[in-house]
Amino acid sequence: MRLQDIQNDFHNELDSIYAKEEIDNFFFMLTESYFDVSRLKLALDPDIVLEKPHFILGALSQLKEEKPIQYILGETEFYGLQFKVNDDVLIPRPETEELVDWILNCHSERSEESSELSVLDIGTGSGCIAISLAKQLPNAKVYALDVSKKALKVAIMNAELNNVEIEFIEHNILNPRHAELVSASQKFDVIVSNPPYVRVKEKELMKQNVLNNEPHLALFVDDDNPLLFYKAICEFSKSNLKEEGRLFFEINEYLGNDMEELLKNYNFKNIELKQDIFEKDRMIKAVNINE
Ligand SMILES: C[S@@+](CC[C@H](N)C(=O)[O-])C[C@H]1O[C@@H](n2cnc3c(N)ncnc32)[C@H](O)[C@@H]1O
């Protein structure tokens, strides 16, 4: 089957669901990944024929069902690194790259800090935050925890793929008995988390392909307690961050003010709310003071 004919099939089947440019992007991501055929290669040789087109036709059926391209390919890019993904983990988002960037910029401003920075990522999912930090801070000791065994399996694979050492911990951060976790490590210089923060009532604002494919354990919190995870992590951080240690969160764009209030109530200082490139309140940081 000619690759160009398959591209036409993509448009015939998908034009009512996606924008034309997006369909071409999907098509070339698939041809590159499955057959090592780039956009340029096909332009130079429009008569390329595939002997076994079933892979790409299978992907077309999944795109018709609005399965995210990252899950179809089984991988994605985050902060310049490759990550394996499957439906046990959230697909890493560009706004989370902004959070990683913020952490790294803050670190480079504090040049007095020892090289042995210790970092904990809570709710690591694919491991994208922990692994990107470990890659950029080769002297840091990085820990990453998640309640999901299946997510941790993916994160472990990604740490190997990116050649970094992370200590992974299976733990429920809502369980106040953190004794084993704490004894396994010292206090942290940095705690970071992108916990579940979408209120159930916000489901109607979300795209169907997210709702139908991404793990709800990673996304949702009850409407009546949307800061549940942030409260638990603040509580944990008060006893597990060093004096002057920093706490970084990705947050729900509608809850920036509530987050500031929460961090004040927990007696953190230097609280700073930051917007993402779409000018939405998306991240917050604070510094620990021991009482
Ligand atoms: C929004 S996802 C973030 C994943 C990844 N850090 C990222 O930024 O793409 C939240 C993660 O928190 C984990 N999680 C949910 N409940 C948890 C709990 N009680 N304790 C620890 N982790 C939890 C989920 O499994 C999921 O991987």
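In each ligand, atom 1 is the first atom listed, and ligand 1 is the first ligand listed.
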task: Among Phe249, Phe236, Phe248, find the residue that satisfies the ring-ring contact (aromatic ring centres under 6.0 Å, His included) test when tested with Tyr230.
output: Phe249
- request: For the pair Asp222 (side chain) and Asp224 (backbone), establish whether a donor and an acceptor sit closer than 3.5 Å, ignoring hydrogens and angles.
  value: no
- prompt: Nearest protein heavy atom to atom 25 (O) of ligand 1, by residue and atom, and its distance?
  reply: Asp146 OD1, 2.7 Å
task: For Thr96, take its heavy atoms, then give the atoms of ligand 1 lying under 4.0 Å from any of them.
output: 8 (O)
message: Would Lys203 and Phe220 count as a cation-pi pair here, with the cationic atom under 6.0 angstrom from the ring centre and within 45° of the axis?
response: yes
query: Counting each atom of ligand 1 from 1 as listed, which ones have a heavy atom of Phe229 under 4.0 Å away?
result: 16 (N), 17 (C), 18 (C), 19 (N)
query: If we only count heavy atoms from C-beta on, is the Phe268 to Ile289 side-chain gap below 4.5 Å?
result: no
task: Compute whether any side-chain donor of one residue and acceptor of the other, for Arg39 and Asn25, lie under 3.5 angstrom apart.
output: yes
query: What protein heavy atom sits nearest atom 23 (C) of ligand 1, and how far off is it?
result: Val147 CG1, 3.5 Å
field: atom 11 (C) of ligand 1 [closest protein heavy-atom partner, distance rounded to 0.1 Å]
entry: Gly123 O, 3.4 Å
statement: On a heavy-atom basis, the closest approach of Asp276 and Met283 is CA-CE, 4.1 Å
query: Can the ring centroids of Tyr18 and Phe26 be said to lie less than 6.0 angstrom from one another?
result: yes
query: Which residue and non-hydrogen atom of the protein lie closest to atom 20 (N) of ligand 1, and at what distance in Å?
result: Ile173 N, 3.0 Å
message: Pairs of nitrogen or oxygen atoms closer than 3.5 Å, one from Asn194 and one from ligand 1: do any exist?
response: yes
field: Full working for ring pair (Phe, Tyr, Trp, His ring centres under 6.0 Å) between Tyr143 and Phe168
entry: CA-CA 6 Å; Tyr143 300 79; Phe168 288 103; over 10 Å; no
field: Per-atom contacts of ligand 1 with His171, taking only distances under 4.0 Å to non-hydrogen atoms
entry: 20 (N), 21 (C)
message: Geometry only, no angles: is Thr124 polar-contacting ligand 1 at N/O separations under 3.5 Å?
response: yes
- prompt: For ligand 1, which atoms have a heavy atom of Cys128 less than 4.0 angstrom away?
  reply: 7 (C), 8 (O), 9 (O)
- request: Answer yes or no: does an N/O atom from Pro195 fall short of 3.5 Å to an N/O atom of ligand 1?
  value: no
statement: Numbered in order shown, the ligand 1 atoms found under 4.0 Å of a heavy atom of Asn172 are 18 (C), 19 (N), 20 (N)
query: Which residue holds the protein heavy atom closest to atom 15 (C) of ligand 1, what is that atom called, and what is the gap in Å?
result: Leu217 O, 3.5 Å
